[in-house]
Amino acid sequence: MFVYGSGGRIMTFIDAIMWVFVAIFAIAALISLSDMIGVVTIRDADQRKWLFRSLIGAVVLAVGSFGARQLTNAAPTVQTSPKVTATETSKPVSKPNARPATTPTPTPSSSPMLQPSDRLAIPAPPASAAPSCAKSDADLNWATQQLGPRPTIADTFDREYPACVASLRAVAAVDEDAAANCRAALEVHKSQYLSPFFVAKASYDDKLRREERAIRTGGISETELPFYNYVVCENESFNFDGGKDLERLNAAEARLNEDIKSCRSRGCK
């Protein structure tokens, strides 16, 4: 058991002393202030001397009391073992039943990236059917509710791509001002199309991991199997080499970065 009664009484005693000195200091300071502004006039030099001593003494003793209070508050708690009588020592001590070790539930930060091999039991489609990662209407409805919209690069990315790059490459002369303006247009295009995609993809990847973990932890039923495979297929598409969405992103990013670099160093040539 923990013993704290005596420490509490000491703290109360020190607090009382400290506040007494604080009160003395406040009263002495109030009298001194009144004397300074003319409300009270102290004519006797000895009285002034004792008033000054009271101020200094009260400050020193109040600070000392506060220091003692802090030291007492920081003192370690004393823990003592309960006393055991001779009768109690003769009693057999029963050991509690050992509990089997449990496997901790994985946290979101420790969840590994889904691998293509995590896809489970997708029936092989007939030759005329769509690939095994094809999405049914039920899969899409479930995904809309659980995952939200898929991150995509807008179709207008290519159509609205800055035409200044092709124009500057078509002429022989290098126009530094035109190249600088073209580089700025490319940066704007990148911020309009790729930056929102990266933000949406980060959120989507997190939802994929959470849904995969939730389905797998609860046991993958026959009804949930298509949804589980949907999640794994989406992860393949966005995060693994050969994934359709990842290849689209890599191509768009590489094109922009290369054109920005050429406009910075070679006049977009």
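Look at Asp206 and Arg210 and you find a salt bridge, because one of the NZ, NE, NH1 or NH2 atoms lies within 4.0 Å of a carboxylate O, short of that distance. Salt-bridge formation is not detected for the pair Arg264/Glu258: no Lys NZ or Arg NE/NH1/NH2 atom is positioned less than 4.0 Å from an Asp or Glu carboxylate oxygen. For Arg150 and Glu234, the salt-bridge test passes: some basic side-chain N is under 4.0 Å from an acidic carboxylate O. Between Glu212 and Arg216 a salt bridge is recorded (basic side-chain N to carboxylate O distance below 4.0 Å).
The number of heavy-atom neighbours closer than 6.0 Å to CG of Asp155, taken from other residues, nucleotides and ligands shown, is 12 or below. Counting heavy atoms of neighbouring residues, nucleotides and ligands inside a 6.0 Å radius, atom NZ of Lys269 exceeds 12 of them.
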Quick one: do Thr144 and Asn141 satisfy side chain to side chain donor-acceptor pair (under 3.5 Å)? Show the steps, please.
-> CA-CA 5 Å; Thr144 300; Asn141 291 335; 5.4 Å; no
Test side-chain contact (heavy atoms from CB on, under 4.5 Å) on Tyr161 and Asp259 and set out the steps.
-> CA-CA 11 Å; Tyr161 197 86; Asp259 288 343; 2.5 Å; yes
How far apart are the C-alpha atoms of Lys207 and Ser203, what are their side-chain angles, what is the distance that settles it, and do they pass the side-chain contact (heavy atoms from CB on, under 4.5 Å) test?
-> CA-CA 6 Å; Lys207 292 177 182 178; Ser203 175; 3.8 Å; yes
Under the side-chain contact (heavy atoms from CB on, under 4.5 Å) criterion, do Leu168 and Cys182 qualify, and how do the steps go?
-> CA-CA 9 Å; Leu168 291 174; Cys182 189; 3.9 Å; yes
Apply side-chain contact (heavy atoms from CB on, under 4.5 Å) to Asn257 and Lys190, showing your working.
-> CA-CA 9 Å; Asn257 290 340; Lys190 185 176 183 178; 2.9 Å; yes
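Taking the side chain as every heavy atom from C-beta outward, Leu194 and Leu249 approach each other to under 4.5 Å.
Across Lys135, Gln146, Glu211, a single residue satisfies side chain to side chain contact (heavy atoms under 4.5 Å, CB included) together with Tyr230, and that is Lys135.
The aromatic rings of His189 and Phe157 sit tilted relative to each other, their planes meeting at an angle between 30° and 60°.
Under the 4.5 Å side-chain heavy-atom criterion for grouping Ile, Leu, Val, Met, Phe, Trp and Tyr, Leu246 is not connected to Val199 through any hydrophobic cluster. Cluster annotation: Val188 and Phe197 are assigned to distinct hydrophobic clusters (Ile/Leu/Val/Met/Phe/Trp/Tyr, side-chain heavy-atom contacts under 4.5 Å, transitive).
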